[in-house]
2 protein chains.
Amino acid sequence: MKALHISEAVVRRMPIYLRYLNEMKQAQIATVSSQELGKRLNLNPAQIRKDLAYFGEFGKKGIGYDISYLIQKIRQILKLDQIIHVALIGAGNLGQALSNYNKYLKDNMQITAIFDNAPQKVNTKIHHLSVEPLNVLKQRVKELDIRVGIITVPQHEAQSVADLLVEAGIEAILNFAPAIIHVPDHVRIHHADFTAELYSLAYYLEDEE
Amino acid sequence: MKALHISEAVVRRMPIYLRYLNEMKQAQIATVSSQELGKRLNLNPAQIRKDLAYFGEFGKKGIGYDISYLIQKIRQILKLDQIIHVALIGAGNLGQALSNYNKYLKDNMQITAIFDNAPQKVNTKIHHLSVEPLNVLKQRVKELDIRVGIITVPQHEAQSVADLLVEAGIEAILNFAPAIIHVPDHVRIHHADFTAELYSLAYYLEDEE
DNA sequence: TCCAATCTGTTCATAGTTTCACATTAATAA
DNA sequence: TTATTAATGTGAAACTATGAACAGATTGGA
């Protein structure tokens, strides 16, 4: 069932499904159809059914999907049925903002350590975590079983931080710095690039005015 | 030259090109080949050539692309040859972090107003901009010629803020709230969803450990 | 019980995207 | 001047993703 390769587009939709399913569950709703999901998430219902079918037969004909069951399955698919420890590197404004999200993530992915080299930041607390210097990163990654790194340092430091994370044995990186950074093939990297996102929006503005 | 429809994938790569070209220009480099760009940005050179060729013939055979000229062209394509005024709604941690980026953006897209309804935030200053309440948003959007909105309010307020922006006549929205929000077809919306990005990374972690 | 309605999983067609491969052009060096 | 090298722009091929359509399963009501 899991032998074949799942496209990135499919994987990226799974968390979207998961989040909305969680909302529905909280609203005490028991089942949902692909049609309803599609309307809510602006997706084609056939696409949703197909996405889910890559991983198994989770629905019931005539009924739809049992929400609790589907949540459980998607969590398994995304490996969120265990706690994944995450390190944040860069305790600036953005880093602090992201550590706020920890509350949303707490059951699944957890920011477990924050690193920054600025002397005025080291040892300060951000949401009950002490900021630590980068020279202990490698050791702390091992100790805390950290598998994912989030880079929120300035652009020109991003590559060296990534190198450090790779050396520490991290498996995946989410990079917020506005730069393309390079990592070995065995490390997964996603870019969350606010400026690029904003610039591409400009393309769609009306001409002239 | 611009009659045909350009795919979103192409548009999203343009700011990536632009950013790296700007770096090269700063380093006093005059020309670049698609091969070199591709190596640096992890893209296939043919793809880069084709992307650019959608908009015109900017390169020279045997030479490559003149960096200054290409920067100018991409700016035109992305409509960044004018100042685009942007409103930020939500003066929380994330909103403050994003307004830091204003310095990177200052020549092109500029955060011109910040809105938030929390009484303890209204009238405080963030990088020389006063936080204003949402009830003046519509008026201020007109006055300041604001065309783009960035949503950094909590999830459950995101849709109503989007509605307000649409009503104020905004043309494009960048949504940071972890929710799918709905807008009319004439408004362009992009989602910058940190939690979804992080969750999808988990999929690529090694099984077991 | 049986019909109508609902909704999944999947096949197939369509649409879109990426990559290859090459004709063409420009610069450089012999 | 003439080969050689470097690099673009683009047609065609390969690959990927999306969407329509339908068989089959389940429910609920007549």
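Quick note on labels: first sequence line is chain A, next is B, and so on, each numbered from 1. When reading the values below, keep in mind they use all heavy atoms of this one structure, side chains included, and skip hydrogens, waters and symmetry mates.
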According to the interplanar angle, ranging from 0 to 90°, do the rings of B:F194 and A:F176 count as parallel (below 30°), tilted (30 to 60°) or perpendicular (above 60°)?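 Rings of B:F194 and A:F176: tilted, as their planes differ by 30° to 60°.
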Look at the side chain of B:R147 and the backbone N and O of A:L205, then say whether any donor-acceptor pair between them is shorter than 3.5 Å.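 Absent.
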From A:I16 CD1 over to B:H191 NE2, what is the distance, rounded to the nearest 0.5 angstrom?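 Here the interatomic distance stands at 8.0 Å.
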Kindly state each residue pair satisfying side-chain hydrogen bond (donor to acceptor under 3.5 Å, both in side chains) with at least one member in residues 158-168 of chain B, sequence neighbours excluded.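 For residues 158-168 of chain B, and leaving out neighbouring residues, the side-chain hydrogen bond (donor to acceptor under 3.5 Å, both in side chains) pairs sorted by first residue read B:K138-B:E167, B:Q159-B:D163.
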With nearest nucleotides of DNA chain D determined for A:D51 and B:P45 from heavy-atom distances, which residue corresponds to the more 5′ nucleotide?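 Whichever sits nearer the 5' end wins; that is B:P45.
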5' priority, DNA chain D, between A:K50 and A:G62 [closest heavy atom]: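 Checking each residue's closest nucleotide, the 5'-ward one belongs to A:K50.
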Positional range of nucleotides in DNA chain C within the contact set of chain A, heavy-atom, under 4.0 Å: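 Listing 5' to 3', DNA chain C meets chain A from C:dT6 to C:dC12.
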Could you list the residues that satisfy side chain to side chain donor-acceptor pair (under 3.5 Å) with A:N117, not counting sequence neighbours?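 Checked A:N117 against side chain to side chain donor-acceptor pair (under 3.5 Å); zero matches.
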Just to verify, what does B:R49 make a side chain to side chain donor-acceptor pair (under 3.5 Å) with, not counting sequence neighbours?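 Residues passing side chain to side chain donor-acceptor pair (under 3.5 Å) with B:R49: B:S34.
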Want to settle it: does B:K61 or B:A9 sit nearer the 5' end of DNA chain C, counting the closest nucleotide to each?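 Nearest-nucleotide comparison on DNA chain C picks B:A9.
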I'd like to know whether CD of B:Q35 has more than 12 heavy-atom contacts from other residues, nucleotides or ligands below 6.0 angstrom.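 Count not over threshold, so no.
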Does the structure place the NZ or CZ of A:K79 under 6.0 Å from the centre of the six-membered ring of B:Y203, at an angle of no more than 45° from the ring's axis?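 The answer is yes, since A:K79 meets both limits relative to B:Y203.
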Along DNA chain D, first and last positions that approach a heavy atom of chain A under 4.0 Å: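 Under 4.0 Å from chain A, the extent on DNA chain D is D:dA17 to D:dT27.
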Identify whether the distance between the nearest side-chain nitrogen and carboxylate oxygen of A:K39 and A:E36 falls below 4.0 Å.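 No, no charged N to carboxylate O under 4.0 Å.
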Of residues 29-43 of chain B, the positions that come close to DNA chain D - non-hydrogen atoms, cut-off under 4.0 Å: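 Contacting residues: B:S33, B:S34.
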Will you find, in the side chains of B:D66 and B:S68, an N or O donor that is under 3.5 Å from an N or O acceptor?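 Looking only at side-chain atoms, B:S68 and B:D66 do not form any donor-acceptor pair under 3.5 Å.
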